[in-house]
Each structure stands twice: as structure tokens, then as C-alpha cells.
Engineer: 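Structure below; questions to follow.
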2 protein chains.
Amino acid sequence: MILSTRGRYGLKMMLELALNYGKGAMPLKDIANKQSLSDTYLEQLISPLRKSGLVNSTRGAQGGYELSKQPSEIKVGDIIRILEGSLAPAECVSEGETECSKADYCATRLLYEKIAESINTVIDTITLKDMVDDYHRLNNKTK
Amino acid sequence: MILSTRGRYGLKMMLELALNYGKGAMPLKDIANKQSLSDTYLEQLISPLRKSGLVNSTRGAQGGYELSKQPSEIKVGDIIRILEGSLAPAECVSEGETECSKADYCATRLLYEKIAESINTVIDTITLKDMVDDYHRLNNKTK
DNA sequence: TTCAATTCCTACCAATCAACTAGGATATTA
DNA sequence: TAATATCCTAGTTGATTGGTAGGAATTGAA
Ligand code: FES
Ligand code: FES
């Protein structure tokens with residue numbers, strides 16, 4: 001699996017917050033209940049999202065979390081990279097890493113670069129708004 | 001990292017065998033030396049490749065491994081899937097798995113499907129022959 | 001003012017996985 | 001028969017995953 005629970009749960013959380021966007025703060029417990037996930041675990045995942053500025057938090061009673069900007073401005077790539085780290089196929093293609101010494105003559109690196117590029121294109125093209133739209137399309141069909 | 005050493009070393013091995021294609025069997029120790037990898041570890045990785053029919057083996061002295069078909073007929077996706085398992089982003093998109101019960105109304109699944117599709121397109125388009133060509137282009141430049 | 005709701009933070013834990021290593025049986029050829 | 005290889009099974013070690021536990025700090029409402 002390319003995505004661990006960190007990325008997958010994180011995406012679900014952020015989708016839930018996107019669905020709630022404009023309706024005020026949403027407590028983590030509500031998110032956890034809606035998605036049937038452990039709230040103490042989600043707590044750990046939302047912390048880096050807050051520190052990266054994707055969500056704002058309000059402490060105390062009636063507090064909770066909300067997106068810091070419009071769903072259309074948050075790419076799923078932002079979320080995934082915060083929670084999973086880079087999705088590079090191998091170290092020598094990942095951004096922060098020191099470049100591999102064999103980079104000049106390594107044929108596998110070209111492959112990794114192509115894989116990385118195609119993944120990045122997908123996750124940086126799709127925003128939370130797209131997922132909200134998908135959600136409504138999927139769930140309002142029967143109504 | 002999307003690819004573990006299994007996939008990455010496996011690709012290097014197969015590239016080495018592709019470079020040696022048509023020249024008879026190549027012992028694993030030679031591959032390991034050329035790529036500076038542990039031969040006892042590579043032994044474990046080539047076993048599933050042989051069982052899947054991608055490489056043929058010859059036992060005993062002067063034995064070794066060779067590709068079972070032309071480099072142009074072996075997709076890197078074949079190699080990666082054998083050594084890494086599916087590259088699906090999440091369980092509910094992976095082929096063998098029982099389909100997730102929420103599949104009908106799950107918006108994250110659509111995202112996973114798009115990621116999976118783009119990865120599969122890349123790794124099933126590129127063959128060992130392409131990597132061999134890249135290798136020669138990269139390494140004969142200075143000669 | 002006090003209490004309940006809530007975020008925030010650190011530490012711990014068990015199970016699994018990743019990346020090897022070790023040791024030996026079996027087959028082939030010079 | 002010795003040297004060279006593949007083949008097979010079983011460890012081992014460290015990191016990662018997917019959590020739990022416990023409590024401090026903050027805030028709104030009764
Ligand atoms: S392994 Fe890093 S460039 Fe090839
Ligand atoms: S989690 Fe499986 S379909 Fe959404």
C-alpha cells in the first residue's frame with residue numbers, strides 16, 4: 001500500500017472538514033464518529049495539519065477544527081505530503097535528500113522520476129473541492 | 001518511499017540481466033558485484049522472479065540467470081508487482097482484495113483509483129529495453 | 001465561578017515489516 | 001571430486017505502524 005492509515009485517515013478527516021466548511025468549528029470527536037475512527041489517533045494526525053496551516057483550531061468548549069482556506073485551495077497532495085512525507089518512489093528522487101552520487105549514469109532513476117511525476121500530477125491537480133463534489137454526486141444519486 | 005529495496009534492487013538486477021541478454025547465463029555474484037549489493041539478499045529477490053517465469057536459471061558451475069524473454073517484452077510493472085506486491089494506494093483499490101463495503105459512496109476511493117491508474121500506466125509502458133537504451137545513452141555520452 | 005468540553009502534548013506499547021545474515025542441501029561441469 | 005552455482009528455510013535486528021494512556025491548558029456556558 002502506498003498510503004498508510006496516516007494519509008488515508010487524514011484525507012477522510014479533511015474531507016469531513018471540507019463538507020463542514022463555512023459552518024464553524026467541528027470537534028475532532030464528531031469527525032471520528034462520522035468516520036468510525038479512533039479520536040485519540042486522529043488527534044495525532046491533525047496536529048501536523050494544523051502546524052502546516054491547513055486547519056485552524058479553537059480550543060475549549062464549542063471549539064474544534066476548521067479548514068483555514070477554501071476547499072478549492074487545498075490540494076490532496078498538500079495533505080498527503082504532510083502526513084506521509086514525500087511520495088517519491090526512491091530516495092534519490094525525493095526532494096530533501098542529498099542527490100545520489102550515481103545520478104548521472106543511473107537508468108533506474110529516470111524511471112523513478114517518471115513515476116514521481118505522474119503521482120505528483122494527480123495529487124496536485126485534485127483539491128478538496130473536487131472530493132466534495134464527488135461526494136455529493138455519489139451520495140445524492142438516490143435522493 | 002514507494003519502492004522498498006526489494007523493488008529497487010530487483011530492477012537493478014533485471015537491468016543487469018537485460019544488459020547481458022543474449023550472452024548466456026550470468027551468476028548472481030556477478031550481478032551483486034556490479035551493483036555493489038549483497039548477493040545473499042539478491043538471492044531472495046530473484047527467487048520469485050524465477051518462479052514467475054521472468055528469468056531462467058541454470059544450476060551448477062558456469063550456471064547463472066538469464067531473462068526468459070526479450071527485454072522489450074518485460075515491463076517494469078511486472079518486476080515491481082512481483083517484488084513489491086500491488087502498488088495500489090489503499091486496500092480498497094488493490095486487485096486481490098475483497099471490495100470495500102463503502103465503495104459505492106466513498107469519495108476517497110475515486111482519488112485512489114486515479115493515483116493507481118497513473119502509476120500503472122507508467123510502469124506498464126516502460127520495458128527493460130527502454131531502460132537499457134537509457135543506460136547506453138547515459139553512459140556512452142563521454143566515449 | 002465552576003464545570004464540561006475541547007485542544008494540545010508526551011510518552012509508551014505491541015505487532016508487523018524491512019533488510020539482511022547464516023547454514024546447508026542440491027545440481028552441474030571441468 | 002572439487003569448485004561453482006542455484007535453491008531453500010530460518011533466524012535476527014531495527015524501524016515503522018497503528019495505536020493507547022494520561023494529563024495539562026484553554027474556553028464557553030450554566
Ligand atoms: S540510485 Fe540514486 S541515481 Fe540511481
Ligand atoms: S475506504 Fe474502501 S471504498 Fe472508501
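Labels below follow one simple rule: chain letters A, B, ... track the order of the sequence lines, proteins then strands, and each chain is numbered from 1. Computed over heavy atoms, backbone and side chain alike; hydrogens, waters and symmetry mates excluded.
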Engineer: Restricting to pairs with a member in residues 59-73 of chain A, which pass side-chain hydrogen bond (donor to acceptor under 3.5 Å, both in side chains), not counting sequence neighbours?
Structural biologist: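 Residue pairs with at least one partner in residues 59-73 of chain A: there are none.
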Engineer: Reading nucleotides 21-30 of chain D from the 5' end, what letters show protein touch, with B for base, S for backbone sugar-phosphate only, - for no heavy atom under 4.0 Å?
Structural biologist: ----BBBSS-
Engineer: Just jot down the salt bridge (Lys or Arg N to Asp or Glu O under 4.0 Å) partners of B:Arg6, sequence neighbours excluded, or say none.
Structural biologist: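 Scan of B:Arg6 (salt bridge (Lys or Arg N to Asp or Glu O under 4.0 Å), adjacent residues dropped) gives none.
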Engineer: Atom CG of A:Leu42 to atom C1' of D:dG19: distance rounded to whole Å?
Structural biologist: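 Taking CG of A:Leu42 and C1' of D:dG19, I get 11 Å after rounding.
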Engineer: Hey, is the main chain of B:Ser4 close enough, under 3.5 Å, to the side chain of B:Glu84 for a donor-acceptor pair?
Structural biologist: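 Between the backbone of B:Ser4 and the side chain of B:Glu84 there is a qualifying donor-acceptor contact (under 3.5 Å).
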Engineer: Contact boundaries of DNA chain C with chain B (under 4.0 Å, heavy atoms), 5' to 3'?
Structural biologist: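 Terminal contacting nucleotides, 5' to 3': C:dA19 to C:dA30.
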Engineer: Show me the side-chain donor-acceptor pairs of residues 14-25 of chain A shorter than 3.5 Å, one per line, residues at least two apart or across chains.
Structural biologist:
residue: A:Glu16; atom: OE1; partner: A:Gln35; partner atom: NE2; Å: 2.6
residue: A:Asn20; atom: ND2; partner: A:Gly24; partner atom: O; Å: 3.2

Engineer: Apply side chain to side chain donor-acceptor pair (under 3.5 Å) to A:Asp78 and list each qualifying residue two or more places apart in sequence or on a separate chain.
Structural biologist: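 A:Asp78 satisfies side chain to side chain donor-acceptor pair (under 3.5 Å) with no residue once adjacent residues are dropped.
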Engineer: Calculate the interatomic distance between A:Leu45 atom CG and D:dT17 atom P; express it in whole Å.
Structural biologist: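 Result: 12 Å.
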Engineer: Report the residues that fulfil side-chain contact (heavy atoms from CB on, under 4.5 Å) with A:Thr125, sequence neighbours left out, ordered by chain and then residue number.
Structural biologist: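 Partners of A:Thr125 by the side-chain contact (heavy atoms from CB on, under 4.5 Å) criterion, ordered by chain and then number, come out as A:Thr121.
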Engineer: Of all residues at least two apart in sequence or in a different chain, which pass the salt bridge (Lys or Arg N to Asp or Glu O under 4.0 Å) check with B:Asp130?
Structural biologist: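 Once residues adjacent in sequence are excluded, B:Asp130 has no partner under the salt bridge (Lys or Arg N to Asp or Glu O under 4.0 Å) criterion.
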Engineer: Taking distance alone, no hydrogens or angles, what donor-acceptor pairs closer than 3.5 Å link side-chain atoms of residues 37-58 of chain A to residues at least two apart or in another chain?
Structural biologist:
residue: A:Ser38; atom: OG; partner: A:Thr40; partner atom: N; Å: 3.4
residue: A:Ser38; atom: OG; partner: A:Thr40; partner atom: OG1; Å: 3.1
residue: A:Ser38; atom: OG; partner: A:Tyr41; partner atom: N; Å: 3.1
residue: A:Tyr41; atom: OH; partner: A:Thr5; partner atom: OG1; Å: 3.0
residue: A:Ser52; atom: OG; partner: A:Pro48; partner atom: O; Å: 2.7

Engineer: Any salt bridge (Lys or Arg N to Asp or Glu O under 4.0 Å) involving residues 113-125 of chain B? Give me the pairs, sequence neighbours left out, ordered by first then second residue.
Structural biologist: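 Every salt bridge (Lys or Arg N to Asp or Glu O under 4.0 Å) pair that includes a residue of residues 113-125 of chain B, provided the two are not neighbours, is B:Arg81-B:Asp124, B:Arg109-B:Glu113.
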Engineer: With sequence neighbours excluded, what pairs up with A:Lys129 under the side chain to side chain donor-acceptor pair (under 3.5 Å) test?
Structural biologist: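 With sequence neighbours excluded, A:Lys129 shows a side chain to side chain donor-acceptor pair (under 3.5 Å) to A:Asp133, given in chain and number order.
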Engineer: What are the residues of residues 2-39 of chain B, sorted by number, that bring a heavy atom to within less than 4.0 Å of DNA chain D?
Structural biologist: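 Going residue by residue through residues 2-39 of chain B, the ones with a heavy atom under 4.0 Å of DNA chain D turn out to be B:Pro27, B:Leu28.
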Engineer: Return no unless some side-chain N or O of B:Tyr65 is found under 4.0 Å from OP1 or OP2 of D:dC7.
Structural biologist: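 For D:dC7, OP1/OP2 do have a side-chain N/O of B:Tyr65 under 4.0 Å.
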